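Comments concern the structure below.
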Amino acid sequence: MKPLILITNDDGYLAKGIRTLTDIACEFGDVVVMAPERNASGTSHSITSARPLRVHTLVEKEGLAAHYCDGTPVDCVKLAVEYFCPRPPALVLSGINHGSNSSINVLYSGTMGAVIEATALGLHAIGFSLLNHNPEADFSGAAPSVRQIIATALERGLPADVSLNVNIPRLPADQIKGLRVCHEASAKWLDSFEKRFDPLGRPYWWLTGKFQCENPPDTSDEWALANGYVSIVPIHPDFTHYPSLETLTNTFSHA
């Protein structure tokens, strides 16, 4: 029996990136797609709990079933695993995102929220992102790396409770130097809210910001991407900072 691959994203079911990812995944097994109805970028790990979810089916044929849902990427994973996958997925894929999800961006990303949810459900999962925000981005340079990573994950598996955050530089395939396993660079967004006025003179605020990452080490994802490598960062749902456990236990036991 072919492996079953579940695909979602946060750019919506019409995005070019998810179509590219679906085409590649179909080379490896049966595919179920469950994607958001509209763009859900920046939704992180949010879920829909105050209203019902609606699902529409686009394609149902041998080897491929494609649906879209009016919820978040995490909703898509939870719903698809329970109701729309005929068997447990061997792999959950999210993307290919239009834009970077490296470094601290993983906290905000709906793409990676779906990946972390899949991991929490005990499934192997990978998020793919291309450093190109253009809706008509060219994914041909990313395709060989995506194909290689999927093949390796299916053949060798992933560690338990670990998923992959994969970011791909905006380069032709023959200019990508290879795959590099990294840690997240220490970076942040210098956010600002710009005050504007609508045609009736009413104020509103628009989020802007600048990404700041100075001198990332050569072991980090930002360095890898800046130097022509595909970055692969292993992540997991447990946010516990284990090195602090003993220190904080001693601190609060004497409080």
Side-chain angles (χ1 to χ4, degrees), residues 8-11 17 21 40-46 72-74 77 91-121 123-133 142 145-146 148-150 152-153 156-171 176-191 207-245 247-248:
T8 191
N9 73 347
D10 72 358
D11 290 314
L21 185 57
S41 298
T43 54
S44 187
H45 211 100
S46 62
T72 68
V74 172
V77 170
L91 196 58
V92 179
L93 306 177
S94 187
I96 303 170
N97 190 63
H98 293 246
S100 172
N101 278 316
S102 60
S103 185
I104 198 170
N105 294 299
V106 71
L107 293 178
Y108 309 109
S109 168
T111 301
M112 295 309 298
V115 169
I116 294 170
E117 177 62 27
T119 309
L121 294 174
L123 302 169
H124 295 312
I126 306 172
F128 291 101
S129 302
L130 175 69
L131 274 62
N132 188 341
H133 287 277
S145 298
V146 171
Q148 179 182 354
I149 292 168
I150 291 173
T152 302
R156 302 184 184 179
L158 298 174
D161 301 322
V162 171
S163 50
L164 303 182
N165 180 16
V166 177
N167 284 270
I168 304 166
R170 184 178 177 175
L171 294 170
I176 292 178
K177 296 178 181 177
L179 310 179
R180 194 174 179 103
V181 178
C182 313
H183 63 80
E184 292 179 13
S186 178
K188 61 183 177 181
W189 281 94
L190 301 177
D191 290 333
L207 178 64
T208 64
K210 182 179 180 181
F211 184 69
Q212 184 181 72
C213 182
E214 297 180 0
N215 301 318
D218 62 8
T219 52
S220 73
D221 53 2
E222 289 297 328
W223 185 94
L225 293 164
N227 287 275
Y229 292 93
V230 173
S231 68
I232 303 176
V233 176
I235 62 174
H236 64 128
D238 185 351
F239 290 106
T240 306
H241 187 254
Y242 287 94
S244 299
L245 283 176
T247 299
L248 289 173

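When a residue number appears, it is its place in the shown sequence, counting from 1. Because the structure is predicted, anything quoted here is derived from the model rather than measured.
A donor-acceptor pair under 3.5 Å links the side-chain atoms of S109 to the main chain of M112, judged by distance alone. H98 places a side-chain N or O within donor-acceptor distance of the main-chain N or O of G17, the cut-off being under 3.5 Å. Not a single donor-acceptor pair under 3.5 Å links the side chain of T8 to the backbone N or O of S94. Side-chain atoms of N97 never come within 3.5 Å of backbone atoms of S129 as a donor-acceptor pair (strictly under, hydrogens ignored).
Here the CD1 atom belonging to I96 is positioned 10.5 Å from the OG1 atom belonging to T111, to the nearest 0.5 angstrom. Interatomic distance, N132 CG to S100 OG, rounded to the nearest 0.5 Å: 11.5 Å. Considering CD1 of I176 and OG of S145, their distance stands at 4.5 Å, rounded to 0.5 Å. Here the straight-line distance linking atom CZ of R170 with atom CG of L131 works out to 9.0 Å at 0.5 Å rounding. In this structure, CG on L179 lies 5.0 Å from CD1 on I149, to the nearest 0.5 angstrom.
A search for ring pair (Phe, Tyr, Trp, His ring centres under 6.0 Å) contacts involving Y108 returns nothing, not counting sequence neighbours. Remark: E117 engages K78 in a salt bridge (charged side-chain N to carboxylate O under 4.0 Å, His left out) (not counting sequence neighbours). A search for side chain to side chain donor-acceptor pair (under 3.5 Å) contacts involving T72 returns D75, not counting sequence neighbours.
In this structure, D218 places its CG atom where more than 12 heavy-atom neighbours from other residues, nucleotides or ligands lie under 6.0 Å away.
Across all their heavy atoms, P216 and W223 have their closest contact at O-CD1, 3.7 Å. Considering every non-hydrogen atom in both P234 and I232, the closest pair reads CD-O, 3.8 Å. In terms of heavy atoms, L130 sits closest to A142 at CD1-CB, 4.2 Å. Of all heavy-atom pairs spanning A125 and L91, the tightest one is N-CD1, 4.3 Å. Closest heavy-atom contact between E222 and A185: CG-CB, 3.5 Å. Taking all atoms of both residues into account, the shortest heavy-atom contact from S46 to V74 is O-CB, 3.6 Å.
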I'd like to know whether L107 forms a side-chain contact (heavy atoms from CB on, under 4.5 Å) with S44, so could you lay out the CA-CA distance, the side-chain angles of the two residues, the decisive distance to 0.1 Å, and finally the verdict.
CA-CA 6 Å; L107 293 178; S44 187; 5.8 Å; no

Run the side-chain contact (heavy atoms from CB on, under 4.5 Å) check on L158 and I126 step by step: do they pass?
CA-CA 10 Å; L158 298 174; I126 306 172; 4.3 Å; yes

F128 vs I150, side-chain contact (heavy atoms from CB on, under 4.5 Å): CA-CA, chis, key distance, verdict
CA-CA 10 Å; F128 291 101; I150 291 173; 4.0 Å; yes

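Screening residues 180-190 for side-chain hydrogen bond (donor to acceptor under 3.5 Å, both in side chains) gives N105-W189, H183-T219 as the qualifying pairs, with residues at least two apart or on separate chains. Sorted by first and then second residue, the side-chain hydrogen bond (donor to acceptor under 3.5 Å, both in side chains) pairs involving residues 228-244 (not counting sequence neighbours) are D238-T240, D238-Y242, H241-S244.
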Taking only distance into account, with no hydrogens and no angle test, what donor-acceptor pairs under 3.5 Å do side-chain atoms of residues 160-168 form with protein atoms, sequence neighbours excluded?
| from | atom 1 | to | atom 2 | distance (Å) |
| --- | --- | --- | --- | --- |
| S163 | OG | T119 | OG1 | 3.1 |
| N165 | OD1 | N167 | ND2 | 3.3 |
| N165 | ND2 | N101 | O | 2.9 |
| N167 | OD1 | N101 | N | 2.8 |
| N167 | OD1 | S102 | N | 3.4 |

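Shown are V115, D11, N9, T43; of these, the side-chain contact (heavy atoms from CB on, under 4.5 Å) with P73 is made only by T43.
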